[in-house]
Amino acid sequence: MTLNQMKYFIAVARCLSFTEAARSLFMTQPALSRQIQAMEDELGTQLFVRDKKTLKLTPGGSALYNRMPQFLREYEGMMLDVRNANRGYEGELRIGFLDVYDISLLFPNVVDSFRERCPGINLTLERFSLSQLPERLYDGKLDLICTYGFSLFDKPDLVTVDVQKFDSCIMLSRSHPLADKPDLKLEDLKQERFAQLGREASEEGYQYIANLLARGGISPDIIYVEKNDDVLLWVELGIAVAVTSSRTIERYNPRVVIRDLDMPEAKGHDVTVAWRKSNYNPAIALFMEQMEIHCT
């Protein structure tokens with residue numbers, strides 16, 4: 001049953017006359033009759049009782065007529081929403097970024113392209129901690145999150161796309177004796193105090209750093225803190241060192257230095273964009289189209 005056939009049926013049901021309905025539809029009466037007959041053949045039931053003088057709806061025809069106008073209104077509204085969403089006319093997209101992640105090498109171009117293509121979509125950008133990002137995603141407060149991939153390994157019902165790589169690094173105070181040491185190794189830091197997020201702040205971050213240090217063969221004295229800002233504070237004061245990322249905004253801080261780690265376990269980790277499978281916001285697909293363009 002085609003959309004036009006539905007409209008033809010409604011016209012005939014309203015007029016109860018093939019001649020009048022055909023006139024209102026600017027088509028011939030025989031052509032209209034053939035379309036209605038095709039509907040009846042497809043449905044396997046009669047929609048109209050025809051005789052020489054009158055035209056009446058059958059019970060089945062009445063049931064169809066009672067529901068079809070509303071169905072057509074909903075269908076046309078749905079099609080309009082789809083077209084408008086894909087053109088970016090309206091909507092909202094809420095994106096959360098990891099608080100220490102440096103967006104400068106990728107996301108300015110992505111966001112600029114998205115806003116140019118979809119000016120009617122209200123775009124919200126915010127920063128959150130490692131543990132807050134998935135929580136807000138599952139609570140429906142964010143549509144997309146960008147975070148370190150290791151923090152999403154045990155999170156169900158997500159669609160994930162890896163968009164960048166990062167290496168684990170060491171962050172030291174610029175005045176630290178090892179700040180300028182060539183070929184700094186993790187074993188050089190066996191006597192150092194480390195600052196890192198505790199389990200309560202981020203179970204994933206805690207486990208990741210613990211595993212990395214263990215692979216480096218060290219069991220350091222650790223100061224556990226609640227926020228990444230607190231990690232930076234201890235390092236700036238020269239009291240502790242910390243594991244950080246090559247994609248961190250902390251590398252722009254003149255009071256600290258970021259040093260690479262020459263060990264396989266520190267290399268090639270993922271920066272990941274994720275959203276819930278049950279989130280059908282069309283703006284997500286539009287944004288990810290721009291991500292794909294700028295990530296290739």
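For reference, positions follow the sequence shown, starting with 1.
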Close side-chain approach of [X] to [Y], heavy-atom, < 4.5 Å:
{"X": "Phe97", "Y": "Glu126", "result": "no"}
{"X": "Phe128", "Y": "Leu142", "result": "yes"}
{"X": "Asp112", "Y": "Glu116", "result": "no"}
{"X": "Leu184", "Y": "Leu261", "result": "no"}
{"X": "Val235", "Y": "Thr244", "result": "no"}
{"X": "Val12", "Y": "Leu55", "result": "yes"}
{"X": "Ile249", "Y": "Arg127", "result": "yes"}
{"X": "Arg276", "Y": "Leu158", "result": "yes"}

NZ/NE/NH1/NH2 to OD/OE distance under 4.0 Å, [X] and [Y]:
{"X": "Arg117", "Y": "Glu289", "value": "yes"}
{"X": "Arg94", "Y": "Asp143", "value": "yes"}
{"X": "Asp157", "Y": "Lys277", "value": "no"}

Show the numbers, then the answer: is there a side chain to side chain donor-acceptor pair (under 3.5 Å) between Ser33 and Gln29? CA-CA 6 Å; Ser33 295; Gln29 186 270 331; 2.7 Å; yes
Quiz item: So, Gln290 side chain and Val110 main chain: donor-acceptor pair closer than 3.5 Å or not?
Solution: no
Between the side chain of Arg259 and the main-chain N/O of Ala179, is any donor-acceptor distance below 3.5 Å? yes
Got a sec: does the [atom1] of [X] have more than 12 other heavy atoms crowding it under 6.0 Å?
{"X": "Arg174", "atom1": "CZ", "answer": "yes"}
{"X": "Tyr75", "atom1": "OH", "answer": "no"}
{"X": "Asp41", "atom1": "CG", "answer": "yes"}
{"X": "Arg50", "atom1": "CZ", "answer": "yes"}
{"X": "Gln70", "atom1": "CD", "answer": "yes"}
{"X": "Tyr252", "atom1": "OH", "answer": "yes"}
{"X": "Lys267", "atom1": "NZ", "answer": "yes"}
{"X": "Asn4", "atom1": "CG", "answer": "yes"}

I need the [X] [atom1] to [Y] [atom2] distance, nearest 0.5 Å.
{"X": "Ser129", "Y": "Leu197", "atom1": "OG", "atom2": "CG", "result": "8.0 Å"}
{"X": "Leu152", "Y": "Thr272", "atom1": "CG", "atom2": "OG1", "result": "6.0 Å"}
{"X": "Leu98", "Y": "Ser151", "atom1": "CG", "atom2": "OG", "result": "7.5 Å"}
{"X": "Tyr101", "Y": "Ile145", "atom1": "OH", "atom2": "CD1", "result": "13.0 Å"}

[X] to [Y] - nearest heavy-atom pair and separation:
{"X": "Gln46", "Y": "Phe48", "value": "NE2-O, 2.7 Å"}
{"X": "Tyr148", "Y": "Ser245", "value": "OH-CB, 3.1 Å"}
{"X": "Thr160", "Y": "Ala274", "value": "CG2-CB, 3.9 Å"}
{"X": "Asp51", "Y": "Thr54", "value": "OD1-N, 2.5 Å"}
{"X": "Asp260", "Y": "Cys169", "value": "OD1-SG, 3.7 Å"}
{"X": "Ile209", "Y": "Val243", "value": "CG2-CG2, 4.0 Å"}

Are the aromatic rings of Phe114 and Phe107 close, with centres under 6.0 Å apart? no
Residues 198-209 vs side chain to side chain donor-acceptor pair (under 3.5 Å), sequence neighbours excluded, gives Lys155-Glu204, Ser168-Tyr208, Arg199-Glu203, Glu203-Gln207, Tyr208-His269
Practice problem: Quick one: do Cys146 and Val271 satisfy side chain to side chain contact (heavy atoms under 4.5 Å, CB included)? Show the steps, please. | Solution: CA-CA 7 Å; Cys146 181; Val271 176; 3.7 Å; yes
* **Working for side chain to side chain contact (heavy atoms under 4.5 Å, CB included), residues Leu232 and Met171** => CA-CA 9 Å; Leu232 179 61; Met171 180 168 60; 4.0 Å; yes
If Ile, Leu, Val, Met, Phe, Trp and Tyr residues are connected whenever their side-chain heavy atoms lie under 4.5 Å apart, and connections chain through other members, are [X] and [Y] in the same group?
{"X": "Val225", "Y": "Leu189", "value": "no"}
{"X": "Val241", "Y": "Val257", "value": "yes"}
{"X": "Ile223", "Y": "Leu213", "value": "no"}
{"X": "Phe18", "Y": "Val49", "value": "no"}
{"X": "Trp234", "Y": "Val100", "value": "no"}

### Query
Does a donor on one side chain and an acceptor on the other come within less than 3.5 Å for Ser175 and Ser173?
yes
Original post:
Judged by modelled atom types alone, do Gln37 and Arg34 share a side-chain donor-acceptor pair under 3.5 Å?
Top reply: no
**OP:** Would you sort out whether Val161 and Trp275 count as a side chain to side chain contact (heavy atoms under 4.5 Å, CB included), showing the intermediate values?
**Re:** CA-CA 9 Å; Val161 177; Trp275 64 96; 3.9 Å; yes
Chi angles and distances behind the side chain to side chain contact (heavy atoms under 4.5 Å, CB included) call for Ile218, Glu192
CA-CA 10 Å; Ile218 64 174; Glu192 297 294 326; over 6 Å; no
So the salt bridge (charged side-chain N to carboxylate O under 4.0 Å, His left out) pairs with at least one residue in residues 247-257 (sequence neighbours excluded) are Asp102-Arg251, Glu236-Arg255
